[in-house]
Structures are given as C-alpha cells and as structure tokens.
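Note sheet for the following structure.
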There are 2 protein chains.
Amino acid sequence: MDSTVATGRALDAAEELFYRQGVQTVGMDDIRAVSGVSLKRLYQLFPAKERLVEAYLERRDVRWRERLAEHVEQHEDPERRVVAVFDQLGEWFGEPGFNGCAWINSYGELGATSEPVARQVRLHKAAFKEYVANLVARAGLPADLGEHVFLLAEGAMVSAAITGSTAPAAHAAEATRLLIAAHRR
Amino acid sequence: MDSTVATGRALDAAEELFYRQGVQTVGMDDIRAVSGVSLKRLYQLFPAKERLVEAYLERRDVRWRERLAEHVEQHEDPERRVVAVFDQLGEWFGEPGFNGCAWINSYGELGATSEPVARQVRLHKAAFKEYVANLVARAGLPADLGEHVFLLAEGAMVSAAITGSTAPAAHAAEATRLLIAAHRR
DNA sequence: CGCAGCAGAGAACGCTCGTTCTCCCGCCGA
DNA sequence: TCGGCGGGAGAACGAGCGTTCTCTGCTGCG
C-alpha cells in the first residue's frame with residue numbers, strides 16, 4: 001500500500017472514530033482496525049497519537065471550510081450569503097452522525113493538556129471568524145456584525161450538539177436577519 | 001471528619017481539578033490528595049468516579065445560576081436585566097482560572113461516553129435557557145429573542161474560552177441591544 | 001484498663017492503552 | 001534459486017488509573 005494511501009486511510013479512520021467517540025476513548029489499535037494500516041506504519045506516518053489528532057483536525061478544517069464556502073457561494077446576493085452560513089449549518093446539524101463541532105469538542109477534551117491541539121482549535125476558529133467577517137464586509141455591513149454572526153454560529157453549534165436539534169440554525173439565521181435589518185436603517 | 005464536611009471537601013477538590021484540567025486527566029488519587037479525604041471515604045460517598053463528576057456538575061449548576069441571578073437582579077429595568085447577563089459573563093471571563101463553560105467542556109470530553117454526564121449538561125443548558133427566556137418575557141419582548149440571546153451567550157462562552165479574551169461578552173451584549181431595539185420599532 | 005470496630009494510608013489488582021519489539025512471510029534483485 | 005529486506009500481525013512492555021484490600025492505629029465504650 002502506497003504511503004499516501006495509508007495516510008489517507010489513517011486519517012479517514014481517525015476522523016470517523018475521533019469525531020464520533022472523542023479522542024481519548026479511541027485507541028491507536030482502533031485506528032489500526034478500522035483503517036487497515038498496521039501499527040508500525042501508523043507510527044511511521046504519525047510518530048505519536050497527538051500528531052494524528054493534529055492532522056485529523058487540520059484536514060477536517062480544510063474540508064469543512066471548503067464545504068461551507070461552496071454552499072455560501074451558490075448565492076449571489078452578498079447579504080444573502082451571510083445568512084446562507086446558517087443554511088449550511090442547519091443542513092450539517094441534521095446529518096446522521098452529527099456530533100457537534102469537532103474543534104469545540106476537542107478543545108473541551110484536550111485544550112488544557114495539549115498545546116498543539118489547542119492551537120489547531122484557535123486556528124480553525126480564527127479562520128472561520130475571518131471568513132464570516134469577509135462575507136459581512138462584502139455585504140457592506142459594519143465589522144461588528146461579523147462578530148455577532150460569528151457568536152451566533154458558535155452558539156448554534158454548541159446548542160445543536162447538546163440538544164440534538166437543528167432548530168438553533170434557524171434561530172441564529174433569524175437573529176442575523178434582524179441584525180442586518182437593524183443596520184440598514 | 002463529618003460526612004457532610006468530607007462531601008464538601010471532595011466536591012471542592014473535584015471542582016478545582018476537573019474544571020481546570022478536565023475530568024479524564026484527573027485521577028481519584030488527585031482528588032484524595034487535594035481534598036484530604038481518603039480513597040475509602042471517597043468511594044463510600046461516591047461509588048464511582050462518574051458519580052463524583054455528576055455531583056460536581058450539579059453543585060456547580062446551582063451556584064453558577066445563583067451567582068448569575070444575583071448579578072442580574074441588581075438591575076431594576078427588565079430590558080437592562082437581559083443585557084446584564086453579559087455583564088456577568090464578561091466578569092466571569094476575566095477571572096483568573098476561567099477555562100470556559102464547565103458543561104460544554106464536559107460534554108466534549110464525556111458526552112459521547114457517559115449518559116449521566118450528558119444529562120447534567122442538557123439539564124444545565126435547559127435551565128439557563130429558561131432563565132434567559134424568563135428575563136425576556138418579563139421585559140415584554142418576544143420569545144424568539146430569548147433564543148437569540150441564549151445562542152449569543154453560548155457563543156460568547158465558547159469564544160472566550162478558546163481565545164482567552166473577554167471581548168465576546170461585550171460583542172454579545174451589543175448584539176442583544178441591537179436586537180432589543182429592532183423589536184421595539 | 002481492655003477490646004471491638006471504624007477510618008486512614010497506601011499497597012495491590014486488573015485493565016486499558018500508547019509505544020516498541022519480535023517474528024515471519026513474501027517480494028525483488030543478482 | 002537464494003538472500004535480504006520491507007512490512008504486517010500481534011505480543012510485549014510500561015505507565016496510568018479506577019477500584020478494592022490489608023494492615024495498623026486510634027477512639028469510644030464497658
């Protein structure tokens with residue numbers, strides 16, 4: 001098996017298991033079993049479990065933000081794009097296997113003990129926040145609104161995870177519409 | 001040592017250690033060392049670590065909401081009370097040792113593996129949400145605003161934890177003021 | 001003063017898990 | 001065909017930890 005293929009399978013298994021069950025309850029042997037990549041190979045590719053966690057968060061970050069951007073860019077109207085963030089979140093919340101925000105969960109689990117993991121979380125949230133800020137700026141709306149939309153999105157993710165409902169996405173979208181309307185006056 | 005005293009010391013130690021370092025990295029022996037309560041006694045009072053975690057979350061829930069209510073009730077104006085939630089959050093965020101929302105962190109760490117812990121988290125968030133909903137209702141504002149304020153609060157907690165800044169409280173407060181103004185028209 | 005019983009200290013047990021090591025098979029070049 | 005070598009399977013090692021057990025000393029009561 002090619003080295004890049006092995007890396008891909010390892011990351012696939014890591015993502016499936018870490019996201020669903022949390023990092024600490026998944027052992028390297030579980031990763032081996034699901035990925036079919038031997039322990040020896042795993043440790044050649046990722047010298048420690050922590051590195052595998054980092055790589056998992058990093059790859060997921062890229063994919064997650066790409067997927068969001070694809071959704072948002074289906075809309076032309078700049079203001080509509082801001083609200084579209086929550087359409088995408090709502091769709092995500094409703095998917096089977098949705099288990100909250102991988103980065104918030106990882107931060108709760110490892111933020112206090114693993115600086116590399118905490119760093120990945122900060123990077124991801126900073127990138128997401130900046131993306132929202134850009135959407136808001138292109139709609140000609142004030143920068144503060146970017147902060148507000150970002151907080152609504154974070155709150156929606158947490159609330160959807162804990163309650164298992166998709167409703168927070170709709171509520172956050174509604175709040176965003178009201179805030180946009182308020183700024184328009 | 002009286003049994004109630006021992007319970008109190010155990011919970012004090014649990015709160016200090018679990019909140020700062022997370023649940024999984026703290027051993028029962030650490031609880032013993034900090035509390036001065038012997039392992040034998042600990043297991044008489046809490047037959048398993050999971051029960052201690054539950055009790056920690058439960059006691060913290062009562063205290064956390066009491067403290068919030070005390071702050072909020074210093075204000076007379078019902079609309080001001082809604083915004084005062086974020087004054088209190090901002091103060092909390094700035095305290096040394098602030099490490100995010102204990103329930104969100106615990107959910108990320110144990111939500112997938114421990115149903116009792118997940119239940120405590122749901123109970124706490126439901127209680128907080130209802131408290132906010134009451135504040136909003138007494139201010140004569142529509143129920144949807146309660147949802148919006150709740151999501152802003154959750155987002156602020158998460159964002160403050162990850163960035164280490166108190167700014168999210170001020171941003172959430174500002175968003176809340178805008179939403180209230182929008183509803184007044 | 002003597003004894004029963006409780007409580008604490010801490011060793012012990014069993015399990016999990018991250019990480020490494022050993023053994024063996026199959027492939028590839030000479 | 002033969003030798004070595006890369007890689008896989010899985011045992012092994014060592015640490016951590018939840019939980020229980022043992023021993024010892026103290027206390028309170030007769």
Side-chain angles (χ1 to χ4, degrees), chain A residues 1-57 105-106 109-118 120, chain B residues 1-57 106 108-118 120:
Chain A
M1 195 194 304
D2 190 333
S3 187
T4 70
V5 174
T7 302
R9 294 215 188 148
L11 288 173
D12 291 344
E15 182 147 8
E16 178 183 334
L17 296 175
F18 288 160
Y19 179 66
R20 176 151 41 103
Q21 311 178 32
V23 171
Q24 310 217 56
T25 63
V26 172
M28 290 298 276
D29 201 60
D30 299 321
I31 303 282
R32 180 199 57 74
V34 169
S35 67
V37 177
S38 73
L39 279 180
K40 201 181 195 175
R41 204 76 178 284
L42 277 177
Y43 276 92
Q44 282 170 5
L45 300 169
F46 306 97
K49 187 185 183 185
E50 193 176 49
R51 302 294 304 272
L52 178 58
V53 177
E54 273 186 84
Y56 143 63
L57 291 175
N105 292 347
S106 297
E109 210 178 336
L110 302 167
T113 45
S114 167
E115 179 48 32
V117 169
Q120 286 298 321
Chain B
M1 194 194 307
D2 189 334
S3 188
T4 69
V5 174
T7 303
R9 294 214 188 149
L11 287 173
D12 290 345
E15 183 148 7
E16 178 183 334
L17 295 175
F18 287 160
Y19 180 65
R20 177 151 40 103
Q21 310 178 35
V23 171
Q24 311 219 54
T25 62
V26 171
M28 289 299 275
D29 202 60
D30 299 322
I31 304 283
R32 180 200 55 76
V34 169
S35 66
V37 177
S38 73
L39 278 180
K40 201 182 195 175
R41 204 80 178 282
L42 276 178
Y43 276 92
Q44 282 170 3
L45 300 169
F46 306 97
K49 187 185 182 184
E50 193 177 49
R51 303 294 304 271
L52 178 60
V53 177
E54 272 186 86
Y56 143 62
L57 290 176
S106 298
E109 210 178 337
L110 302 167
T113 45
S114 166
E115 178 49 33
V117 169
Q120 286 299 320

**Study point:** Rounded distance in Å - CG (Leu52(B)) to C1' (dT19(D))
**Key:** 14 Å
**Study point:** Nearest-nucleotide comparison on DNA chain C, the residue closer to the 5′ end among Gly36(B) and Tyr43(A)
**Key:** Gly36(B)
Exercise for review: Write down the atom of Ala14(B), the atom of Tyr56(B), and the distance for their closest heavy-atom approach.
Suggested key: CB-CB, 4.3 Å
**Study point:** Between P of dT19(D) and CD of Gln44(B), the distance in whole Å
**Key:** 15 Å
Check your understanding: Starting at CG of Asp29(A) and ending at P of dG8(D), how long is that distance when rounded to a whole Å?
Key -> 15 Å
Point to revise | Asp29(A)/Arg32(A) ion pair, N-O < 4.0 Å | key: yes
Check your understanding: Does a nitrogen or oxygen in the side chain of Lys40(B) sit under 4.0 Å from OP1 or OP2 of dA7(C)?
Key -> no
Check your understanding: Between atom CD in Gln24(B) and atom P in dG18(C), what is the gap in whole Å?
Key -> 12 Å
Practice item. Measure the distance from CG on Leu45(B) to C1' on dT19(D) and round it to the nearest whole Å. Key: 15 Å
Revision key, fill the gap. With the side chain defined as heavy atoms from C-beta on, Arg41(B) is closest, among dA9(D), dT19(D), dG8(C), to dG8(C)
Review point. So, for Leu11(A) and Ala55(A), which heavy atoms are closest and what is the spacing to 0.1 Å?
Key: CD2-CB, 3.7 Å
Revision key, fill the gap. Residue pair Asp30(B)/Val37(A) against DNA chain D: nearer the 5' end by closest nucleotide is Val37(A)
**Study point:** Value in whole Å for how far the P atom of dT20(D) lies from CZ of Arg32(B)
**Key:** 17 Å
Check your understanding: dG10(C) P sits how many Å from Met28(B) CE, rounded?
Key -> 17 Å
Exercise for review: For Glu109(B) and Gln24(B), indicate whether the former's side chain and the latter's backbone hold a donor-acceptor pair under 3.5 Å.
Suggested key: yes
Check your understanding: Base, sugar-phosphate, or nothing: which does Val26(B) touch, judged by heavy atoms less than 4.0 Å apart?
Key -> sugar-phosphate
Review point. Separation of Leu39(B) atom CG from dA7(C) atom P, in whole Å?
Key: 15 Å
